[in-house]
Amino acid sequence: FQEIQVIVKALPTATISGGTAICTGTTTVISFDGTPNATVTYTINGGANQTIVLNGAGSATLTTAALTATTTYDLVSVKTNGTPNCSQTVSGSAVVTIATNITPKTIFSYTTPICSNAITASPTTETGFTYGGVFSSTAGLSINASTGVIDVTASTPNTYTINYNITANGCLAAGSHTSSITINPTTTPVTGFSYTPTAVCLNGTNPTLNTVAGFTTGGVYSATPAGLDINPTTGAINLATSLANIYTVKYSVAASGCMIAKDGTSTITLNAIPGVISVDVTEPTCSIPTGTVAVISSKTGLTFSNDGINYTNTTGVFSGLTPGSSYSITSKNAAGCISLPATGTIGNVPGSPAMPLLSVTQPTCTVATGSIKVTSATTGLTFSNDGINYTNTTGIFNPVAANSNYSITAKNNVGCISSPATGTINSQPTTPAIPTVSITQPTCTVSTGNITVTSATTGLTFSDDGINYTN
């Protein structure tokens, strides 16, 4: 017998997909899947049969026409190509519906105003904001057309109107919105300043604050280190309550609005003044008729002046000062700072005692020396007969050698010496020889005697009792 092989093929299959909602006037894709190389029959809205052949992978796609109404794609049947030609009825649908047109949400805004030193500025959008439009503005504003982010640093300060436009697309309607932003220029405060003079003595005039053109007010002054009395608002320095030092003064302006923060600095030196000086005054004397002022100070490097101008004196000794004149001694240190003055008046030259009035007792026959007695109403005087030794406080000089000269001077308690009272102590007188007498005795007729002196010396006087020399 003869053997016959019968091959039974499976019936072809097919499915349809792609049902969706689209905007009016747009297309979509319908997908067919099933037995490779099979022919699928379908209808559109129940119309005439139409076919599409699946590829070797068992798939095919159909791009719809631009649809304006709901459209249904229904499977009818599927058949294989070749021998045997198998087919079967299939079912399935893909429904494409038309969606309602969409109104885009386009409201946005920016924080405004902003400063030009901001890095970027991003729009604040309403909930559900529709992206895909284009942001734009006038020249000078650097804006990302897709995101609306502004590159502030690359933009020119100004006020800008920003537009956002969406073009109609399918069921999405056209839309637009405008907003504005102001970019203000960033300003830098002017903080330059200085003091005149830059170095000042503590007892000098308060320094003057100088500010540069366009100086920005409203900042705060401060100084380091501590010790400078400075007004934080005006920058004025009070020397009277400050300490000597080198200070850095800072003027700080805080950031405000579009003005950035900035500091300015300057230095000022406050030099110490020499301390109040002490002086030792030597008043005029009888022997030195001018005064002397000597500075007493333990500090080195000072120079001194008695007129506040000439500071060439390095010893601090001022001699030859006129009696009755005023002095005003100041010192200056290496920084040029001048002390407070030590002042006073040179006294007058003290007066000398009057020339002494003398009472002189000359030598006698019985006293071989003389004596001198000073008569004066002035107390406190001492006396001398040689101009050297003034230990005599009584004014009596006894004995004084006969046949000698004397020169009596008086010295007062300040050492002044009077003019001398001068003279000579005489020699002692010679004693006459014993008188030669001739005696006449009483007689009967003359009851008394008589004595007659015989002498060749003239100028003698005689006495019979040693007291009365009237004879």
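Position 1 is the first residue of the sequence, and the numbers go up from there.
Between the side chain of Thr178 and the backbone N or O of Ile162, no donor-acceptor pair lies under 3.5 Å. The backbone N or O of Ile107 sits less than 3.5 Å from a side-chain atom of Glu126, completing a donor-acceptor pair. Proximity of a side-chain donor or acceptor of Asn313 to a complementary backbone N or O of Phe304 within less than 3.5 Å is not detected. Thr120 places no side-chain N or O within 3.5 Å of a backbone atom of Ile150 that could act as its donor or acceptor partner. No side-chain donor-acceptor contact under 3.5 Å links Thr182 to the backbone of Thr112. Distance alone, capped at 3.5 Å, is enough to place a donor-acceptor pair between the Thr443 side chain and the Val446 backbone. Here the side chain of Thr375 pairs no donor or acceptor atom with the backbone of Leu358 at under 3.5 angstrom. Remark: side-chain polar atoms of Asn426 are not paired, donor with acceptor, to backbone N or O of Ala402 under 3.5 angstrom. Between the Asn412 side chain and the Gly351 main chain, a donor and an acceptor come within less than 3.5 Å of each other. Judged by distance alone, with hydrogens and angles left aside, the side-chain atoms of Gln428 form no donor-acceptor pair with the main-chain N or O of Pro363 at under 3.5 Å.
Between the side chains of Asn163 and Thr161, no donor-acceptor pair of N or O atoms lies under 3.5 Å. Side-chain contact, Thr241 with Asp229: a donor N or O sits under 3.5 Å from an acceptor N or O. Ser352 and Ser418 form no side-chain donor-acceptor contact under 3.5 Å, judged by distance and modelled atom types alone. Between Ser339 and Ser331, the side chains place a donor N or O and an acceptor N or O closer than 3.5 Å (distance only, hydrogens not considered).
Residue-environment remark: CD1 (Ile396) exceeds the threshold of 12 foreign heavy atoms within 6.0 Å. More than 12 heavy-atom neighbours from other residues, nucleotides or ligands sit within 6.0 angstrom of CG on Leu243. Annotation: Ile296, atom CD1; neighbour count of heavy atoms from other residues, nucleotides and ligands within 6.0 Å is above 12.
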Might you work through the side-chain contact (heavy atoms from CB on, under 4.5 Å) test for Ile408 and Ile372, ending with a clear yes or no? CA-CA 9 Å; Ile408 307 300; Ile372 300 172; 4.2 Å; yes

Evaluate the side-chain hydrogen bond (donor to acceptor under 3.5 Å, both in side chains) criterion for residues Ser252 and Asp263: first the C-alpha distance (whole Å), next the side-chain angles of each, then the deciding distance (0.1 Å), finally the verdict. CA-CA 4 Å; Ser252 301; Asp263 296 335; 2.9 Å; yes

Residue pair Ser463, Asn468: steps toward the side-chain hydrogen bond (donor to acceptor under 3.5 Å, both in side chains) verdict: CA-CA 6 Å; Ser463 173; Asn468 183 2; over 6 Å; no

Using side-chain contact (heavy atoms from CB on, under 4.5 Å), reason through Thr312 and Thr303 one step at a time and then give a plain yes or no. CA-CA 6 Å; Thr312 57; Thr303 56; over 6 Å; no

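Judged by the 6.0 Å and 45° rule, Lys411 forms a cation-pi pair with Tyr390.
For Ser384, the side-chain hydrogen bond (donor to acceptor under 3.5 Å, both in side chains) partners at least two apart in sequence or on another chain are Asp386.
Each of Phe108, Tyr110, Tyr160 was evaluated against Phe135; a single residue qualifies, Phe108, per the ring pair (Phe, Tyr, Trp, His ring centres under 6.0 Å) test.
Note: Ser427 OG to Gln362 CD = 9.5 Å, rounded to the nearest 0.5 Å.
Between Phe193 and Leu209, some side-chain heavy-atom pair lies under the 4.5 Å cut-off.
Between Tyr251 and Phe215, the distance separating the two ring centers is shorter than 6.0 angstrom. Taking the six-membered ring for Trp, Phe129 and Tyr164 have ring centres closer than 6.0 Å.
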